[in-house]
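Working notes, beginning with the structure itself.
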Amino acid sequence: MRLAALLALTSPFSVAASLALQQRRLAAPDLQHVLANSERNHHGRPPLPVSPHRLTSSSSNSGLLAGFAAFGDSYSAGIGTGFDGKEDACRHGLHAHSRLIADDLSAIAGGRNNTAFQFLSCTGATTQEILSRGGGGGDESQIDAFNASLPADFALLSVGGNDLGFFDVINACVFRFYNFYSGTCEAALASTRAHIESDDFDNRLQVILLEILDRERWEKKPWFVITVTGYARFFNEVTDECDDMSFGVWWNGPKLKKELRLQMNAMVLAANAKIRRAVDGVNARFTEDKVLFVDYDKEFRGHRFCEENVTEPDYSRTDTWFFLIGGPDNARNDTLPKHAFELETLSSSSPLVDPSSCLEPAQKSGDWGELALCYMAMSRQRDPTLQLARGDFMAENSMWYVPTYYGKTFHPRSLGHEVMKNKIYEAWRTVY
Ligand SMILES: *[C@@H]1O[C@H](CO)[C@@H](O)[C@H](O)[C@H]1NC(C)=O
Ligand SMILES: *[C@@H]1O[C@H](CO)[C@@H](O)[C@H](O)[C@H]1NC(C)=O
Ligand SMILES: *[C@@H]1O[C@H](CO)[C@@H](O)[C@H](O)[C@H]1NC(C)=O
Ligand SMILES: *[C@@H]1O[C@H](CO)[C@@H](O)[C@H](O)[C@H]1NC(C)=O
């Protein structure tokens, strides 16, 4: 019964869906009313789950209008999608889907910047770091940093890729930053499968969801829902061309064969299924769904790596919605300042990446970019004659040593985040 209700959320035409919708209407009649109004007042703007009380007081000039919090990893932080001034350590991007939603909320409020948006997501985050940093680090966890005194009408969450070992797979199977020492692709995939099969991730994800609901005192806020997003398959897995192409950073890197693309896509689908089950497990504890899983994978069809007639790596293809190493973003309006950096060479004596000491901090941060840079420096130290696969490209790109240069690969570009946002709105329309 619960499963049917959950599945119904993703298939608006089923009978179960309309039942779920009716339950919602009963649960939050004010919200339904306000959303209908906001839809009428703002043509084409998707309804947003903002608090009815605050929305109706939008003509007054007092205080904050609405709010939400975004928790999670780099897919939530929007790494690579632009920043103003200086990039922060969590690599929050200007076109992260959560930020786009905050902008829409602001627009509903007449362009006034009074949405309490708590952008807690951080590149490299695992479920553990959302719950408790622990140890001597002293850093707050995302849950600890969450200020429940600020208005929050909903929350967003993306987590799992770092728990399940996506970077290890992408490193071992695709880029091989640490060259021969990167481990085998098979071992990395097997390790990820083992993590997906174990209950640890599932349990921690459920604890995170319950913890957020608790802090928001869900029983007093019937409209409060946590929207959880998954991941999108990286590759078109049927095209022949890519069988001979490579993303490897060193000369003679691994080829993007169909079998590999298929296995990596299967990993993403298995991770999504796992996240959906955890969401299901939490919803089963309530009389109505408190968590919504939004699967945007199908929206990426035609926008993955290795699409028909594409010669990878294709740095000019705007229609690919994932970043390549050092590749440009594809924001519709890219007016962001281009940052100038001095060109440095990849040498083992680089003060930026010290191969003898970089690994521990890189592993601690979980930042894919820091890990990639460190592994590359370590490879070069072990074998100074190693040749980069695209040395020419690196030499022309003065930002090669900025971790984001690598860390953003296999993450959504701005057009991908836009589609994630729209898919979230579409899911909300079936619930609210
Ligand atoms: C909105 O307000 C926040 C916090 O006061 C500030 O950091 C941000 O730059 C503002 N955004 C705009 C578009 O004015
Ligand atoms: C939480 O937000 C409230 C309201 O803005 C503020 O007064 C308080 O200082 C914040 N708490 C923390 C720990 O930042
Ligand atoms: C790929 O190229 C072939 C031959 O030019 C063309 O027939 C086909 O429509 C192209 N496919 C896509 C998806 O562009
Ligand atoms: C895009 O750029 C145009 C022209 O510079 C500007 O008028 C418009 O507001 C921008 N749109 C967004 C969404 O930033």
Side-chain angles (χ1 to χ4, degrees), residues 50-51 53-55 57-58 60-72 76-77 88-90 92 98-99 101-102 105-106 109 112-122 125 129-134 137-157 208 211-218 220-221 223-224 226 232-245 247 256-258 261-262 265 297-322 324 327 330 413 415-416 419:
V50 292
S51 150
H53 313 295
R54 295 198 192 91
L55 234 198
S57 67
S58 67
S60 82
N61 58 4
S62 64
L64 291 156
L65 182 70
F68 71 102
F71 298 90
S76 176
D88 64 34
C90 284
H92 290 152
S98 48
R99 181 99 74 185
I101 290 172
L105 279 170
S106 254
R112 294 191 336 227
N113 182 15
N114 52 1
T115 299
F117 171 36
Q118 300 186 61
F119 203 174
L120 306 170
S121 323
C122 199
E129 281 145 358
I130 294 176
L131 279 171
S132 60
R133 292 296 286 209
D139 282 339
E140 269 184 324
S141 73
Q142 292 183 22
I143 295 265
D144 288 339
F146 178 44
N147 188 341
S149 307
L150 291 167
D153 303 296
F154 61 97
L156 304 174
L157 171 67
I208 289 173
E211 189 82 28
I212 295 171
L213 288 168
D214 251 19
R215 295 208 177 203
E216 266 314 303
R217 303 202 299 174
W218 59 272
K220 295 205 163 67
K221 270 192 190 176
W223 64 86
F224 187 89
I226 305 171
R233 280 173 289 178
F234 304 121
F235 296 105
N236 177 325
E237 61 195 33
V238 301
T239 47
D240 293 322
E241 303 96 292
C242 257
D243 282 348
D244 288 322
M245 297 171 195
F247 284 161
L256 298 168
K257 296 203 178 300
K258 283 187 212 67
R261 289 180 264 152
L262 192 84
N265 281 352
D297 168 64
K298 286 193 181 63
E299 315 305 309
F300 272 58
R301 189 174 356 167
H303 302 281
R304 311 183 202 270
F305 292 125
C306 294
E307 295 291 358
E308 213 176 303
N309 301 342
V310 175
T311 303
E312 298 289 7
D314 185 342
Y315 281 88
S316 64
R317 186 174 188 255
T318 310
D319 277 343
T320 302
W321 289 349
F322 292 110
L324 286 163
N330 60 0
R413 299 162 84 189
L415 289 180
V419 160

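Just the heavy atoms: all of them, side chains too, but no hydrogens, waters or symmetry mates, feed the values below. Counting starts at 1 for both ligands and their atoms, following the listed order.
- Atoms of ligand 3 lying under 4.0 Å from at least one heavy atom of Glu308, given by number and element, are 1 (C), 8 (C), 10 (C), 11 (N), 12 (C), 13 (C).
- Per-atom contact check: atom 14 (O) of ligand 3 touches the protein, criterion being a heavy-atom distance below 4.0 Å.
- Heavy-atom proximity to atom 8 (C) of ligand 3, evaluated over Asp319, Val310, Asn236, Asn309, is greatest for Asn309.
- Partner Asn265 forms a side chain to side chain donor-acceptor pair (under 3.5 Å) with one of Arg233, Arg304, Glu237 and no other, that one being Glu237.
- Using a 30° and 60° split on the angle between ring planes, Phe146 and Phe71 fall in the perpendicular class, above 60°.
- When distances from atom 5 (O) of ligand 3 to the protein are checked, no heavy atom turns up under 4.0 Å.
- Of all atoms in ligand 2, listed by their number and element, those nearer than 4.0 Å to a heavy atom of Leu150 are 2 (O), 4 (C), 5 (O).
- By the 3.5 Å distance cut-off applied to N or O atoms, Asn147 is counted among the residues near ligand 2.
- The two residues Phe234 and Phe322 have their closest heavy-atom pair at CA-CE1, 3.6 Å.
- Scanning both residues, Glu307 and Glu241, for their nearest heavy atoms gives O-OE2, 4.4 Å.
- In this structure, the side chains of Lys258 and Asp240 come closer than 4.5 Å at one or more pairs of heavy atoms.
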